[in-house]
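To find a chain, count down the sequence lines: A is the first, B the second, and so on, and within it residues start at 1. Computation of the quantities below employed the complete heavy-atom set of this structure, encompassing side-chain atoms and omitting hydrogens, waters and symmetry-equivalent molecules.
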Amino acid sequence: MHDIVFIRANPDQFDAAMRRRGAGSVADRIVALDARKREATTKIQQAQSQRNEASKAIGQAMSRGDTARAEALKAEVAEIKASMPEWEEAERVADEELEAILAGLPNVAAEDVPEGADENDNVEVARCGEKREFDFEPQEHPDLGPALGMDFKTGTKLSGARFTFLRGDIARLHRALAQFMLDQQTEENGYTECNPPVLVNDEAMYGTDKLPKFAEDSFSTSVGIDWESFDEIVNEIMPVGSRSELQRDLIREKVRLGVIENKKNRRWLVPTSEVSLTASVADEILDDLSEPVRLTAHTLCFRSEAGAAGRDTRGFIRQHQFEKVELVSICRPEDSEAEHERMTKCAEGILEALGLPYRRMLLCVGDMGFGARKTYDLEVWLPGQNAWREISSCSNTGDFQARRMDTRYRPDGEKRTAFVHTLNGSGLAVGRTLVAVLENYQNEDGSVDIPEVLHRYMGGVTRLERLG
RNA sequence: GGAGAGGUGGCAGAGUGGUCGAAUGCGCCGCACUCGAAAUGCGGUAUAGGGGCAACCCUAUCGUGGGUUCGAAUCCCACCCUCUCCGCCA
C-alpha cells in the first residue's frame with residue numbers, strides 16, 4: 001500500500017516509479033479521487049459539527065423544559081442532515097475506487113535494483129562453492145528419486161499432478177533437512193522459532209499483499225455450507241417461479257461440491273508462512289525495535305501454481321504442497337537494508353553447511369514480486385539438470401506490508417508512530433533442497449550420500465540406498 | 001453442535017439515551033517535598049483523518065458493520081471473537 005500523502009505531493013515521481021514496475025500512469029487518477037474524497041469528507045464533517053452543536057443545544061433546551069426551542073432546533077438539524085447522504089455516497093464511491101487502485105499497485109523498487117524485463121536481466125552478485133566433477137553422467141532427480149522412495153505415482157493417485165509421496169529414508173532426509181534449517185536459524189542466527197496457523201483469514205492475506213490481486217494463486221477453504229446465502233444465490237440465478245425441483249437440487253449439489261463458493265467461513269491455506277509470521281504483528285504498535293524482531297517457522301505451504309501451467313511438471317521442484325523454513329524480520333526503516341543482507345546470509349549459511357554450490361542473484365525490476373522493494377534470489381546448482389534453480393528468495397518490502405497491516409513502532413524518544421519495515425526470506429525451501437542434495441550427492445549406482453551436518457538427524461543412516 | 005455469559009483506554013474496571021474520549025484504581029512521564037530514595041501531594045498520559053505558519057480547531061473511534069434517534073458506549077439487527085458448562089474429537 002502506498003502513502004497517499006506522498007503521491008499527492010510527488011505525482012510525477014510516483015508515476016515514474018510505477019512505470020518502472022510496469023504499471024501505467026495512475027497518479028492523476030489517484031490525486032483526483034483523493035481530492036474528491038477529501039472534499040466529501042470535509043462537507044460531511046462540517047455537517048456533523050453543526051449537527052453535534054445543535055444536538056447539544058437541544059439537550060440543554062429539553063432540560064430547561066423549553067420544548068418550543070428544542071423543536072425549532074430539531075427542524076434545523078433535519079435540514080443540516082439532508083445534504084449528508086449525497087456526500088456520504090460520494091465519499092464511499094471515491095474511497096472504494098481509490099482503495100481498489102492503490103491495493104493493486106506494486107511496491108516501488110529500490111534505486112539499486114537493476115532495470116530489466118525478466119529473469120534473464122537478473123544480476124549475479126556472488127557465487128559460492130565448487131561444482132562437483134562427476135566421472136559419470138549425473139541423473140536428474142525425477143529419474144533418481146523413484147528408486148529412493150520419491151513416489152510421484154502415488155502422489156498423483158491421491159491428489160493429482162504436482163503431489164508427491166515420500167517413503168522411507170528419503171522422507172526422513174526431508175525431515176532432517178527441515179530440522180537442521182530450523183535449528184541453525186534459531187541457534188546460530190537468533191531467530192525465534194514459531195509454529196503458526198497455516199489456515200488464515202482474508203486480513204492476514206491482504207496485509208502481506210497476497211490479496212486482492214493474487215487470489216487465484218492460493219487455495220481457499222470453507223466450512224460446511226451456508227444455506228442462507230445458498231437461497232440468495234439460487235434466487236439470483238433462477239427466480240422462484242421458474243425453476244424445477246431438479247434444477248434446485250442441481251444448484252444445491254454444486255454448492256455442496258464447492259463449485260459455488262461459500263465465502264462465509266472462508267480461510268486461506270498460506271502460500272508461505274511469511275503470511276502467518278508477518279501478519280502476527282498486524283495492528284500492533286511495537287515498543288522496542290532497537291533489535292529487529294526475527295521469526296522463523298517450518299510449515300507446509302500451498303500454491304495453486306495457476307500461472308505455471310506446464311512448467312516443471314516433472315519432478316519435485318514445483319508442488320502444490322511443499323515445506324519451507326521461513327525467515328521474517330520486522331525492523332526500523334533505517335535498519336532494513338542491513339537486515340536484508342543479514343537475512344540473505346542466514347539463508348546462504350544453510351547451503352554452505354550442506355556443501356551445495358549456489359549463486360546470489362539481484363532481481364531486476366521485471367522479475368521482482370509484487371510487494372518487494374528489492375529481492376535477492378539464491379540459486380542452487382543442480383548437476384543433473386545442469387542448471388541453477390531458485391531455492392530461496394529474500395525480499396525487503398520496506399513499509400509496503402506495514403501500511404497494509406497497520407504495524408507501527410515508536411521511534412526513540414518521539415511521541416509519533418512510524419511504519420515498520422518487513423522482510424521475508426526462505427531459509428530454505430525444503431523440497432528443493434532435497435532435490436539439490438539428491439542431484440549433488442548422487443553416486444553412479446543411484447544411491448545418494450547424506451551430507452555430514454544431517455547425520456545427527458538421521459539415526460545412523462549416512463546414505464540413501466535404492467529400495468528393493 | 002447445544003446452553004449461558006461477555007467484549008470499554010497500556011492493564012483492571014465503572015458507566016443502560018444528552019455537557020462521556022469516557023469515573024476510579026494500577027502503570028507510565030513531569031514537578032514538588034527529600035542529602036538521596038521510599039511514601040505523599042500536584043499535573044500530565046489513546047489513535048487516525050482533515051484544516052491552520054502556529055497556538056490550536058474540527059471529525060471519527062467504547063469488538064466489526066448496519067439501523068433507530070435531534071443526539072448512541074448505552075436501544076435494535078447481523079457478523080466476529082473470548083470465557084463457562086454439555087456434546088464430539090487428534
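- Straight-line distance between the P atoms of G36(B) and G21(B): roughly 43 Å, to the nearest whole Å.
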Test salt bridge (charged side-chain N to carboxylate O under 4.0 Å, His left out) on Glu97(A) and Arg29(A); report intermediate values, then the result. CA-CA 10 Å; Glu97(A) 192 179 340; Arg29(A) 183 89 192 114; 2.6 Å; yes
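- In terms of the side-chain hydrogen bond (donor to acceptor under 3.5 Å, both in side chains) criterion, Ser276(A) has no residue partners (sequence neighbours excluded).
- Going from atom CD of Glu88(A) over to atom P of G65(B) covers 14 Å, rounded to whole Å.
- C80(B) and U64(B) have their P atoms separated by 15 Å, given to the nearest Å.
- Within 4.0 Å (heavy atoms only), Ile58(A) reaches at least one base atom of the nucleic acid.
- Here Arg92(A) pairs with Glu89(A), Glu96(A) under the side-chain hydrogen bond (donor to acceptor under 3.5 Å, both in side chains) rule; sequence neighbours left out.
- On the P atoms, C26(B) is 36 Å away from C81(B), given to the nearest whole Å.
- Within the structure, salt bridge (charged side-chain N to carboxylate O under 4.0 Å, His left out) contacts touching residues 70-84 of chain A (residues at least two apart or in different chains) are Glu71(A)-Lys74(A).
- Ser25(A) pairs by the side-chain hydrogen bond (donor to acceptor under 3.5 Å, both in side chains) definition with Arg19(A), not counting sequence neighbours.
- Of the residues Thr278(A), Val281(A), Val328(A), the one that meets the side chain to side chain contact (heavy atoms under 4.5 Å, CB included) test with Thr422(A) is Thr278(A).
- Using a 4.0 Å cut-off on heavy atoms, the residues of residues 47-57 of chain A that approach RNA chain B are Gln48(A), Ser49(A), Arg51(A), Asn52(A), Ser55(A), listed by number.
- Across the C1' atoms, G87(B) and G4(B) are found 15 Å apart, a figure rounded to whole Å.
- In this structure, the side chain to side chain contact (heavy atoms under 4.5 Å, CB included) partners of Glu39(A), at least two apart in sequence or on a different chain, are Lys43(A), Trp87(A).
- Separating the C1' atom of U47(B) from that of C33(B) is a span of 36 Å, rounded to the nearest Å.
- Atom CD of Glu89(A) and atom P of G66(B) are 13 Å apart (whole Å).
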All N/O donor-acceptor pairs, side-chain side in residues 103-113 of chain A, below 3.5 Å, sequence neighbours left out:
residue, atom, partner, partner atom, Å
Asn107(A), ND2, Gly371(A), O, 3.0
Asn107(A), ND2, Thr397(A), O, 2.9
Asp112(A), OD2, Lys374(A), NZ, 2.7

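- Taking a pair as Watson-Crick or G-U wobble with both distances under 3.5 Å, RNA chain B forms stems of 3 or more consecutive pairs at B:1-7 with B:80-86, B:10-12 with B:24-26, B:27-32 with B:40-45, B:46-51 with B:56-61, B:63-67 with B:75-79.
- Among the protein residues, Arg69(A) comes within range of no part of the nucleic acid, since none of its heavy atoms lies under 4.0 Å from any strand.
- Using P as the reference atom, G51(B) and G44(B) are 30 Å apart when rounded to the nearest Å.
- Spacing of C1' atoms, C57(B) relative to G52(B), comes out at 8 Å, to the nearest Å.
- Legend: ring-ring contact (aromatic ring centres under 6.0 Å, His included) pairs involving residues 4-51 of chain A, not counting sequence neighbours, sorted by first then second residue: His2(A)-Phe14(A).
- As rounded to whole Å, 14 Å separates atom C1' of A48(B) from atom CG of Asp3(A).
- Listed by chain and number, the residues in a side-chain hydrogen bond (donor to acceptor under 3.5 Å, both in side chains) with Thr41(A) are Glu91(A) (sequence neighbours excluded).
- Each of Gly59(A) and Asp406(A) has a nearest nucleotide on RNA chain B; the 5'-most of these lies closest to Gly59(A).
- Here the side chain of Thr417(A) pairs no donor or acceptor atom with the backbone of Tyr409(A) at under 3.5 angstrom.
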Provide a list of protein-nucleic acid N or O atom pairs under 3.5 angstrom, restricted to nucleotides 49-53 of chain B.
residue, atom, partner, partner atom, Å
G49(B), N2, Gln45(A), OE1, 3.2
G49(B), N2, Gln45(A), NE2, 3.4
G50(B), OP1, Arg8(A), NH2, 3.2
G51(B), OP1, Arg38(A), NH1, 2.9

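- Applying the ring-ring contact (aromatic ring centres under 6.0 Å, His included) rule to pairs touching residues 192-217 of chain A yields Phe214(A)-Phe370(A), sequence neighbours excluded.
- One interatomic measurement links the two molecules: OH of Tyr409(A) to C1' of G10(B), which rounds to 20 Å at whole-angstrom precision.
- For Lys81(A) and C70(B), the NZ to P distance is 6 Å, given to the nearest whole Å.
- As a whole-Å value, the separation of Asp202(A) CG from C80(B) C1' is 13 Å.
- We find that CD of Glu284(A) is positioned 12 Å from P of G10(B), with the value rounded to whole Å.
- In this structure, Glu96(A) places its CD atom 14 Å from P of G65(B), rounding to the nearest Å.
- Nucleotides G6(B) and G13(B), compared at atom C1', are 14 Å apart to the nearest Å.
- The number of heavy-atom neighbours closer than 6.0 Å to CZ of Arg167(A), taken from other residues, nucleotides and ligands shown, is above 12.
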